[in-house]
Amino acid sequence: MSDVLVVADHRRGELRDVSYELLTAGRELADALGGDLHAAVISGDVERFADELNRSGVDHCYALADGEEFDHNVYQAGVERLLAHTGADAVVMPNSVNGLDYAPAVAESHDLPLVTDAIDIAYDDGLVVTREMYGSKVETTVAVEGDRFALTIREGEWPAADGTGDAEVETLEFEPPESGARVKGFEEVGGGDVDISEAEVLVSVGRGIEEEENLELVETLADALGATLSSSRPIVDNGWLPKNRQVGQSGKVVTPEVYIAVGISGAVQHVAGMKGAETIVAINTDPNAPIFDIADYGIVGDLFDVVPELIEEFQ
Ligand code: FAD
């Protein structure tokens, strides 16, 4: 019997969706291991976050390091404090920029085997984790020996836990460690404060747009739909949109309700970032473009004809 600890992720004053997905994965593991599920928030507005995190399936909920910014040392020490307090043997963290910062340090200091970027888990006499390799071209399974492990999960792969929980929120005493480096603040990189991973509707543009000045066309479509503009990698590589708009393996993982791919072929590295969208619409001149393999609705046609018609319709 082993307990499981999950560590929530938050950014700019909001819990990120992956926090609730972590609860689902954590509950699955806790049931398999016959233990309790402990959910924790470290840093930021911890009491509000802990209340939001307290969803059904959570047995114990913790808050610590109130008001701190994200900081490697605070998180490493915070998770160590939580592992000592809860007695959990398994810790599940987000495979986010923050999670990947502290997860290896936690695994190392607790001598836990670490498996990153899980897209699925199974438990049968031991944990078996599914991961993708070689730019999502192959799936591999990793068997973990014993019931002690650290795991990071990919965003958008588990359903979010819902339903209000009735765990009591416990605020833990915590002294941030002495450190030579402290995070003093947070500044957005160029591209503004757009977080495409939080958008409900994305209009995503690819190389089919041909020229930078043609971007205005898809921007107008995004505006007509109240959607956010994202793109494939070549658009970012050309410097036409900032990096925070890129969807895919080396960009962001997005799970919007609607994803409209305009002039995007559907390369595996792009699909890795958007296949979790609820409804996928693709506009492409090539009927054999791989994007149509995963699209719910496909329009085989020239985007310069199709998009103006859609704009007219939606406006
Ligand atoms: P293309 O593949 O060139 O496709 C353009 C599409 O537009 C074609 O299907 C074409 O039929 C269609 N088209 C052309 N004209 C029109 C028109 N007038 N109307 C309608 N359709 C038209 N890519 C990402 O997107 N995100 C990533 O994170 C990412 N990471 C990568 C990481 C690595 C390690 C590597 C090696 C590659 C990565 N890539 C990534 C690049 C990826 O392999 C593809 O090259 C890229 O996704 C292709 O972008 P695209 O679909 O816009 O362009």
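Each residue takes its place number in the sequence, starting with 1. Atom set for the values below is all heavy atoms of this structure, side chains included, hydrogens, waters and symmetry mates excluded. Both counts, for ligands and for their atoms, begin at 1 and track the order of listing.
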Next item on the list: Provide the closest heavy-atom pair for Leu15 versus Ala8 in the form atom of the first, atom of the second, distance.
Entry: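 Result for this residue pair: CD2-CB, 4.0 Å.
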Margin query: So if I count the atoms of ligand 1 from 1 in the order they appear, which ones are less than 4.0 Å from some heavy atom of Ala267?
Written below: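 It comes down to these atoms of ligand 1: 42 (C), 43 (O), 44 (C), 47 (O).
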Would [X] count as a polar contact of ligand 1, with the cut-off being nitrogen or oxygen pairs under 3.5 Å?
| X | value |
| --- | --- |
| Gly263 | yes |
| Phe304 | no |
| Gly251 | yes |
| Asp302 | yes |

Is the shortest side-chain N to carboxylate O distance from [X] to [Y] below 4.0 Å?
| X | Y | answer |
| --- | --- | --- |
| Arg48 | Asp51 | no |
| Asp117 | Arg131 | no |
| Arg245 | Glu219 | no |

Check: Is it the side chain, the backbone, both or neither of Ser250 that has a heavy atom closer than 4.0 Å to ligand 1?
Finding: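 Both the backbone and the side chain of Ser250 come within reach of ligand 1.
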Notebook entry, point to check: How does Val262 reach ligand 1, if at all, at less than 4.0 Å between non-hydrogen atoms: by side chain, backbone, both, or neither?
Noted result: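 Neither; no heavy atom under 4.0 Å.
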Note to self: Check for me whether Gly301 has a heavy atom closer than 4.0 Å to any atom of ligand 1.
What the structure shows: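 Contact present.
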Notebook entry, point to check: Pro234 near ligand 1, heavy-atom distance under 4.0 Å?
Noted result: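 It does; at least one heavy atom falls under 4.0 Å.
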Next item on the list: Going by heavy-atom distance to atom 8 (C) of ligand 1, choose the closest among Val306, Ile235, Asn284, Val236.
Entry: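 Selected option, by shortest heavy-atom distance: Asn284.
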